[in-house]
Protein chains: 2
Amino acid sequence: MIDWSDLHHFLALAREGSLSAAARGLGVDHVTVARRVAALEASISLKLVDRRPRSYALTEDGQRIAAIGAQMEETAFAVERAARAAKPELDGEISISAPPSLANILIAPKLMQLRRRYPGILIKLIGEKRTASLSRREADLALRLSRPTQPGLIARKIGHFEFGLYGAPSYLKETPPYAFAFIAYDASMDDTPQQQWLTEIAGTRQIVLRTNDLENQAAATRAGVGLAALPRFLGDTDRRLERCDTDRKPVSREVWLIVHNDLRRAPAVRAVAGFLEDCLR
Amino acid sequence: MIDWSDLHHFLALAREGSLSAAARGLGVDHVTVARRVAALEASISLKLVDRRPRSYALTEDGQRIAAIGAQMEETAFAVERAARAAKPELDGEISISAPPSLANILIAPKLMQLRRRYPGILIKLIGEKRTASLSRREADLALRLSRPTQPGLIARKIGHFEFGLYGAPSYLKETPPYAFAFIAYDASMDDTPQQQWLTEIAGTRQIVLRTNDLENQAAATRAGVGLAALPRFLGDTDRRLERCDTDRKPVSREVWLIVHNDLRRAPAVRAVAGFLEDCLR
DNA sequence: CGATCATTGTGCAAAATCTCACAAGACAGT
DNA sequence: ACTGTCTTGTGAGATTTTGCACAATGATCG
């Protein structure tokens, strides 16, 4: 009989691509992963990986096995979700994945309300651009700016926000519009509505700073580097930023609340979901 | 993250119903199962079993989790089959499940031929009435007398055999037909063709011995207890048994060779399957 | 070209896990 | 009522597994 733990370690290796990455994911030492993979190979007497000097590469057999095993991982996560959903108590740690700006400005400041109402619930707020996988239980709830297509996930539109064009008050006073400089995301965000909106407004005028991080954009704008497209929930509450009118129709984005179907009914998850709705209203 | 080994132990407990049985199945001590189940409960902070004085009973949550996990076991076996099928060598242990009579009389005597042709293949011959589960890898190949319906299994009819009515030569000589006594299976086999055939022949005459085991029937017949319906491959080769004609059309049964779809192409399995076909021809 | 970073491999001590032996209790058959 | 069998529970020793520190090697970047 196959040792399930060996299989788990091997599947992590197959997914992550290296011993070290798999070990990090599993929270063990890389040596352990190496040993368990070796043990699995021995137990089924089949070579699953090619041990190249600097990397582990799956053999053909290894890929086949990993492909089948992937379904096992799926089910393991389903078990985990079922366990979580079965808890009737309003406690435990609930993790929320959200874009950093939403997390910092709209959610974090109001967290105390949630703590007061549900003292048993611990919140883990993950502000990251990369969309966390709810299926892998990297987060229980997620806020995203577009509707995900993945099956098994429930998405509900819980709000929207507009972008505005902002500059530092002094900058706007001293600079003639034809000389405006602009601050934008880098090329990886070129297909987002707010980026297109900004580049259209900029026209032939220069984009002098590109940064992935919205907070960086805001900071640069405050410092008088130029004009940036910022969410109004960020810009309107900051006196060091001033919104300037444009003739373009303002762009807005929807905010979706995502929860895995299996977790939808868990009381703690419902409570936090309700809180997030309030935050976005 | 859930420990897959814990889950495995819990699922074994859920399926077997007791610590000891699960431990036997897994090849570990019962204490280990108890500890791992407790560890799983602790890690998801959910009560999965009720520890009654003499038994472990699944809670509702435990049943839910076990139901989901069953699919995980399925997949684990699929991995095992894939591993086995991937081996290109003609070696390893192949287990065959077959009705005891077939195993003893038609297969076992010819096993040396197989050993000579494929010295690397070790055979495990399981002669049992209970049909082994090929999906759970209790056997690699199975011979059965009817076509199974379970999905994932490949069935091929590889032969058939007739039943005859046998008695000891002296018994047939000394006993007038109206006084014949009969030997049959017990009531659990009443719906098999050979049993119905025998009871029709017996008519109002007495059935003096009922036994599940065909070898017992044969032994009793040789000893002059009465007449039994025996496969001709058994009766015709035994000089202590004599077949007597009946006016009824003789009954015959088909022999099916069953193999799991995933294992069909494994060389060692193919080799043994071919051997079994030869045995039945 | 050199420095830094990330990868895998090895030996040993520490920690966790398992098994074993025994105990206590329930149930069945005699 | 009594043995025999099958449960689960407890504690201690032995085995296995793991983690750590270090080494070696290749890749990347300035």
Side-chain angles (χ1 to χ4, degrees), chain A residues 1-59 61-63 65-66 76 130 186-188 210-212, chain B residues 1-59 61-63 65-66 76 130 186 212:
Chain A
M1 182 136 24
I2 286 182
D3 182 302
W4 285 28
S5 232
D6 289 349
L7 202 50
H8 192 193
H9 284 78
F10 167 69
L11 292 172
L13 169 65
R15 179 163 31 77
E16 301 290 344
S18 82
L19 285 187
S20 313
R24 275 191 295 274
L26 294 169
V28 297
D29 199 274
H30 68 95
V31 216
T32 303
V33 180
R35 280 192 281 239
R36 296 213 89 121
V37 170
L40 178 63
E41 286 185 322
S43 79
I44 62 180
S45 48
L46 207 62
K47 200 154 170 291
L48 297 174
V49 292
D50 280 328
R51 288 162 179 81
R52 308 268 313 160
R54 180 156 180 60
S55 68
Y56 268 45
L58 294 190
T59 63
D61 290 334
Q63 289 175 17
I65 302 275
R130 185 179 69 86
D186 68 17
S188 69
R210 287 181 173 276
T211 170
N212 250 335
Chain B
M1 180 138 22
I2 287 182
D3 183 303
W4 283 29
S5 230
D6 289 349
L7 202 50
H8 191 193
H9 285 78
F10 167 69
L11 293 172
L13 169 65
R15 180 162 32 77
E16 301 291 344
S18 82
L19 285 187
S20 314
R24 274 191 296 274
L26 294 170
V28 297
D29 199 275
H30 67 95
V31 198
T32 303
V33 180
R35 275 194 287 247
R36 296 213 87 123
V37 171
L40 178 63
E41 286 185 320
S43 78
I44 62 181
S45 50
L46 207 61
K47 201 154 168 292
L48 297 174
V49 291
D50 280 328
R51 287 160 182 81
R52 310 265 313 159
R54 181 158 178 59
S55 68
Y56 268 44
L58 294 190
T59 64
D61 290 336
Q63 289 175 18
I65 301 275
R130 184 180 70 86
D186 67 18
N212 250 333

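Letters A, B, ... mirror the listed sequences (proteins, then strands); counts begin at 1. Note that the structure is a prediction, hence the values are computed from the model and not measured.
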note = Rounded to whole Å, CD of A/E16 lies from C1' of C/dA6 at a distance of 15 Å
request  = Check each of B/L58, B/T59, B/D61 against B/V49 using the side chain to side chain contact (heavy atoms under 4.5 Å, CB included) test, and report the only one that passes.
outcome  = B/L58
ask   = Rounded to the Å, how far apart are A/D50 CG and C/dT8 C1'?
value = 15 Å
query = Among B/R51, B/K47, B/R35, which one satisfies salt bridge (Lys or Arg N to Asp or Glu O under 4.0 Å) with B/E41?
reply = B/R51
task = Look at the side chain of A/D29 and the backbone N and O of A/V31, then say whether any donor-acceptor pair between them is shorter than 3.5 Å.
result = yes
query = Taking all non-hydrogen atoms of both residues, which atom of B/A66 and which atom of B/A14 are closest, and how far apart?
reply = CB-CB, 3.7 Å
inquiry  = Taking ring pair (Phe, Tyr, Trp, His ring centres under 6.0 Å) as the cut-off, I'd like each qualifying pair that reaches into residues 6-45 of chain B, sequence neighbours left out, listed once.
reply    = A/W4-B/H8
remark   = The contact string for nucleotides 4-10 of chain D, one letter per nucleotide 5' to 3', using protein heavy atoms under 4.0 Å with B, S and - for base, sugar-phosphate only and none, comes out as --BBBBB
request  = Taking all non-hydrogen atoms of both residues into account, name the closest pair between A/G25 and B/M1 and its distance.
outcome  = O-CE, 3.7 Å
request  = To the nearest 0.5 angstrom, please state how far the CD1 atom of A/I65 sits from the CD1 atom of A/I2.
outcome  = 7.0 Å
query = Less than 4.5 Å apart, any side-chain heavy atom of B/L13 and any of B/R36?
reply = no
query = Using the C1' atoms of the five pairs at each end, what is the angle between the end axes of the helix from C/dC1-D/dG30 to C/dT30-D/dA1, to 10°?
reply = 40°
query = Please give, in whole Å, the distance from D/dT18 C1' to A/H8 NE2?
reply = 17 Å
task = Describe the nucleic acid contact of B/T32 in one word from base, sugar-phosphate, nothing, applying a heavy-atom distance below 4.0 Å.
result = base
